[in-house]
Amino acid sequence: MKMKIMIFIFMLFVSIIIIRAETKDIKFEHFSIKEGLSQSIVYCSIQDSNGFLWFGTEDGLNRYDGYKFKIFRHSDTNPNSISHNDIRVIFEDRFGILWIGTFHGGLTKYNPQTGHFSHFKKNSDNSESLSNDVIRSIYQDHSGTIWIGTDEGLNKFNSKTGNFTSYKHDRNNPDNPNNPSGNEIYFISSVSSDELWIGSKSGGLDKFNTKKNKFTHYRIGSEIHTVYKDRTDMLWIGTHGNGLSKFDINTKTFTYYKSNKLKSGSLSDNTVKAIFEDSSGALWVGTDSGLNKLNRKTGHFTVYKNHSNRSYSLSHNEIRSIYEDKSGILWIGTYGGGINKYNTKSKKFIHYKPEQNNLNSLNSKIIWSFCEDRDGIVWIGTHGGGLNRLDRKNNVFSNFKNNHKYSDSISNNSVRQVYEDRTGILWIGTNGGGLNKFDKKTE
């Protein structure tokens, strides 16, 4: 019996630690259909060289100028419109041209000067056309060549001829160095001028020597959702069900990060679908159950989640994209909750607001006065909510309101002034209820 009690206490203690680790408070601003976004599932985002932000959704390409959204959708009657409404990747090349990868609509090239879209699709009668119309990744290498990852291999685009060279997985010989280890190419990047790194959904990582047309395979052992190259040339791999992995290109070694409900500061979920390094060097990881910020020195994750009673919390827990613009603002795309905006460089204010169904929250939005007593307790005078007490150690509010049944309750719920005298007595000035003397010990 004693052993069961001890186990229960231990589990309760661990749960409290985990809850505290997950409830770090930062304020997110939300953008969804109500704010003009075309759809609430956001797969990708970039800022172009003109300062516009672009967001890819399941129902249109969105351009945001800081005030409003402009939506680009496919039109059967307009050959210059985008090829498909389901957008999975957006890339800007060195000439300011946008390349948009769609889901079943092929590749679209957007010229911001003309406002026209041109299309590239698979043509079964042309071996030099795009290999597949599902586009997962786009990259421009050191030489200026555009590479496209599809659901049926890697494609090299010849800008002079408009033709594609395809590299497809050899199912009969998975280790064939002349082909990628998988066909669904989710990631393309480079470290040197003649090497590409490629991540495929089922194949793992490939190093591709573009001069020799040779692939070197590195098996991951789990399905890949995303790969990200940081500024130190480390590759971060998000998997389906197997957490986050770091791959050192130089040593060819892996470091693993996984979710563990019994371990404080672990990853929130083992399915990772978005990774991004911000300008301060912090690594942000989007999972199916929250946004994670990794402290690389300690290996500790801070987790941000949606809380229904906090209007400024993350809008949705399933994260699909993370991007930082030139001003230091993070834009987090979710699966059903639209976009979350967070300024990483803003001063860190903690916000206290009334929360529905939470009796331990502040009970009024209108604040008239503050008083910190000798014990560090903050007393808040509100309009309509009476006197509020904040215990900052436990982050818990309690309220004292007028109750006509009790003559020793506060005389009025509009509190203009709160003052503590040298004996520890609180004096409360109200709007219409006169002066109140409050004994904190007897309440």
Original post:
So do Tyr304 and Lys293 actually touch side chain to side chain, heavy atoms under 4.5 Å?
Top reply: yes
**OP:** Flag the pair Glu29 and Lys27 as a salt bridge only when some basic side-chain nitrogen lies within less than 4.0 angstrom of an acidic carboxylate oxygen.
**Re:** no
Original post:
Do His169 and Pro174 have side-chain heavy atoms sitting under 4.5 Å apart?
Top reply: yes
**OP:** Show your working on side-chain hydrogen bond (donor to acceptor under 3.5 Å, both in side chains) between Ser190 and Asp141 and close with a plain yes or no.
**Re:** CA-CA 7 Å; Ser190 64; Asp141 68 17; over 6 Å; no
Subject >> Ser279-Glu324 side chain donor-acceptor pair, cut-off 3.5 Å >> reply: yes
Original post:
So His383 and Trp368, would you call those rings parallel, tilted or perpendicular, with 30° and 60° as cut-offs?
Top reply: perpendicular
Original post:
Would a 4.5 Å heavy-atom cut-off, applied to side chains only, mark Leu61 and Ile71 as touching?
Top reply: no
Original post:
Below 4.0 angstrom, N of the basic side chain to O of the carboxylate: do Lys229 and Glu277 qualify?
Top reply: no
Subject >> Check ion pair Asp288-Arg320 (N to O, under 4.0 angstrom) >> reply: yes
Subject >> Test: Lys437 and Asp421 ion pair at under 4.0 Å >> reply: no
Subject >> Electrostatic pair Arg389:Glu443 at N-O distance under 4.0 angstrom >> reply: yes
**OP:** Would you kindly say whether Ser280 and Asp278 are connected by a side-chain donor-acceptor distance under 3.5 Å?
**Re:** yes
Subject >> Polar contact flag, side-chain donor to acceptor under 3.5 angstrom, Asn306-Asn317 >> reply: no
Original post:
Taking atom types as modelled, is there a side-chain donor on Glu195 or Thr210 under 3.5 Å from an acceptor on the other?
Top reply: no
Original post:
Quick one: does Tyr167's side chain have a donor or acceptor within less than 3.5 Å of a partner on Asn155's backbone?
Top reply: no
**OP:** Answer yes or no: is there a donor N or O on one side and an acceptor on the other, between the side chain of Asp233 and the main chain of Ile249, under 3.5 Å?
**Re:** no
**OP:** For the residue pair Asn209 and Asp194, confirm or rule out a side-chain donor-acceptor distance under 3.5 Å.
**Re:** no
Original post:
Can a donor-acceptor pair be found between the side chains of Ser32 and Ser40 at a distance below 3.5 Å?
Top reply: yes
Original post:
Between Asn62 and Trp54, does any side-chain donor sit less than 3.5 Å from a side-chain acceptor?
Top reply: no
Subject >> Cation-aromatic face contact Arg88/Tyr43, 6.0 Å, 45 degrees >> reply: yes
**OP:** Under the ring-ring contact (aromatic ring centres under 6.0 Å, His included) rule, what do Trp236 and Phe187 come out as? Steps first, then yes or no, please.
**Re:** CA-CA 11 Å; Trp236 296 84; Phe187 167 81; over 10 Å; no
Subject >> Closest non-hydrogen atom pair, Ser268 against Val303 >> reply: CB-CG1, 3.7 Å
Original post:
Judged by modelled atom types alone, do Asp269 and Ser259 share a side-chain donor-acceptor pair under 3.5 Å?
Top reply: no
Subject >> Side-chain donor-acceptor pair present, His300, Asn295, cut-off under 3.5 Å >> reply: no
Original post:
Is any NZ, NE, NH1 or NH2 atom of the basic residue among Arg392 and Glu372 found under 4.0 Å from an Asp or Glu carboxylate oxygen of the other?
Top reply: yes
**OP:** For Tyr186 and Ser200, test the side chains for any donor-to-acceptor distance below 3.5 angstrom and give the result as yes or no.
**Re:** no
**OP:** Return the minimal non-hydrogen interatomic distance between Ser181 and Gly204, and the atom names on each side.
**Re:** OG-N, 4.1 Å
**OP:** Answer with yes or no whether the side chains of Trp331 and Asn340 bring together a donor and an acceptor at under 3.5 Å.
**Re:** no
